[in-house]
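FYI, the numbering just counts along the sequence from 1. Numbering of ligands and ligand atoms starts at 1, following listing order.
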Amino acid sequence: MGESGCGKTTTGRAVLRLVDSTSGSIKFEGMNITTLKEERLRPLRTRMQIIFQDPHASLNPAMSIGRAIGHPLKIHGLAWQEEDVKSQVLTAMREVGLTPEEQLYDKYPSDLSGGQKQRAVIARAMILKPKLIVADEPVAMLDMSIRAKVLELMLDLKKKYNLTYLFITHDLATAKFLCDRIAIMYLGRIVETGPAKLIYNDPKHPYTKALLQAIPIPDPRRRARKVLPKGEVPDAVNPPMGCRFHPRCPAVLPTCGWEGRDFLDYLEERRTDLEKGKVDEANLGPLDLWKAKGLVAERQCRPENIAIITEYVRSILNDAPSPLSKAVERVKNVENRLVVQFRNPDPLAPKAVEGRLVECLLY
Ligand code: SF4
């Protein structure tokens, strides 16, 4: 669970080995499948299925619903006789509430509603009798009116067949309804994981707290809850140093991973204040004189100005929020370059905190 772009879908696909993982390991039924060759993976694939977010895109428009649901049986060589395939398909259709099954069997996806299409996709996954289903936002594209019904169907199937879902969602209310355990992701990292009840009742990670506060309450007398922390999810290709949440974290510490680009962001933010922006512009000139790399932000200065500019930078750092100003190790002059050097972030690792794992320096 987490905002868009935090890596939930990629993780789900990596678990099924649909994309290669760059680190870590994947175990399925006790077997390490991280680097298993395709021919050895193939028999396992029947027990690991996926349901995609968009049922319209998941079904071939030229294939009848019955054929689409039965297709995996043929691909995996589990049934060849048309009668046998059809009988298994009709059973699967009944199971997911895609009825009257005999009438719907020869229909095409365009004849079905969104809810019916998602039921067909679920039937296609279930026909192989899987043990694990990765469900990637399976109700996000459905009308509100049918979401609950599809979720209830998934819960029924889970109980009946002892299924495990890896349920991917950005919607905490849905996760609360369906999940026993949850893992909160931010920019490719799991920041808190544990029993759903525990985390919903008492979130520990600042990002989890922010997500839970953002759940709307359907009561007009209650004030709107706080929105997610400032700013957008940063670029995952070039994530922030230290704790990836640090540029947005309301509880950030000086040791959480401040770096050169945070100083540039701070300078930019000051420019949005008319008064401060004017004075900064007069003392420092344009922002694009600065460059940031790793723990350093720096700019070239003329020899006659460097002392004045250094003093000015020190003064605006004194003015900065304390985690940022305390994170600066030193401001120094190196051959007419003014360098703002941040300290190394503290190492971050998941820690056991009251029944769950949390990756945060507050614990
Ligand atoms: S380590 Fe914890 S306190 Fe520091 S930025 Fe990350 S979430 Fe916030």
With side chain to side chain contact (heavy atoms under 4.5 Å, CB included) as the test, would you mind laying out the steps for L157 and I133 before giving the verdict?
CA-CA 11 Å; L157 293 171; I133 293 186; over 6 Å; no
With a distance cut-off below 6.0 Å to the six-membered ring centre and an angular limit of 45° from the axis, does K158 pair with Y165 as a cation-pi contact?
no
Look at atom 2 (Fe) of ligand 1 and say which protein heavy atom is nearest, naming residue and atom and giving the distance to 0.1 Å.
C360 SG, 2.3 Å
Is there a chain of hydrophobic side chains (I, L, V, M, F, W, Y, each step under 4.5 Å between heavy atoms) that links I146 to L151?
yes
What about I306 and Y312, same hydrophobic cluster or not, with Ile/Leu/Val/Met/Phe/Trp/Tyr joined at side-chain heavy-atom distances under 4.5 Å?
no
What protein heavy atom sits nearest atom 8 (Fe) of ligand 1, and how far off is it?
C249 SG, 2.3 Å
Using a 4.0 Å heavy-atom cut-off, which part of E359 comes near ligand 1: side chain, backbone, both, or neither?
neither
Give the residue and atom name of whichever protein heavy atom lies nearest to atom 4 (Fe) of ligand 1, and the separation in Å to one decimal.
C256 SG, 2.2 Å
Which of the numbered atoms in ligand 1 are below 4.0 angstrom from a heavy atom of H205?
7 (S)
Evaluate the ring planes of H246 and W258, with Trp represented by its six-membered ring, and classify them as parallel (under 30°), tilted (30 to 60°) or perpendicular (over 60°).
tilted
Below 30° counts as parallel, above 60° as perpendicular, anything between as tilted: where do the rings of H205 and F245 land?
tilted
Can you tell me the protein heavy atom closest to atom 1 (S) of ligand 1 and the distance?
L361 N, 3.2 Å
Any idea which protein heavy atom is nearest atom 6 (Fe) of ligand 1, and the distance to it?
C243 SG, 2.3 Å
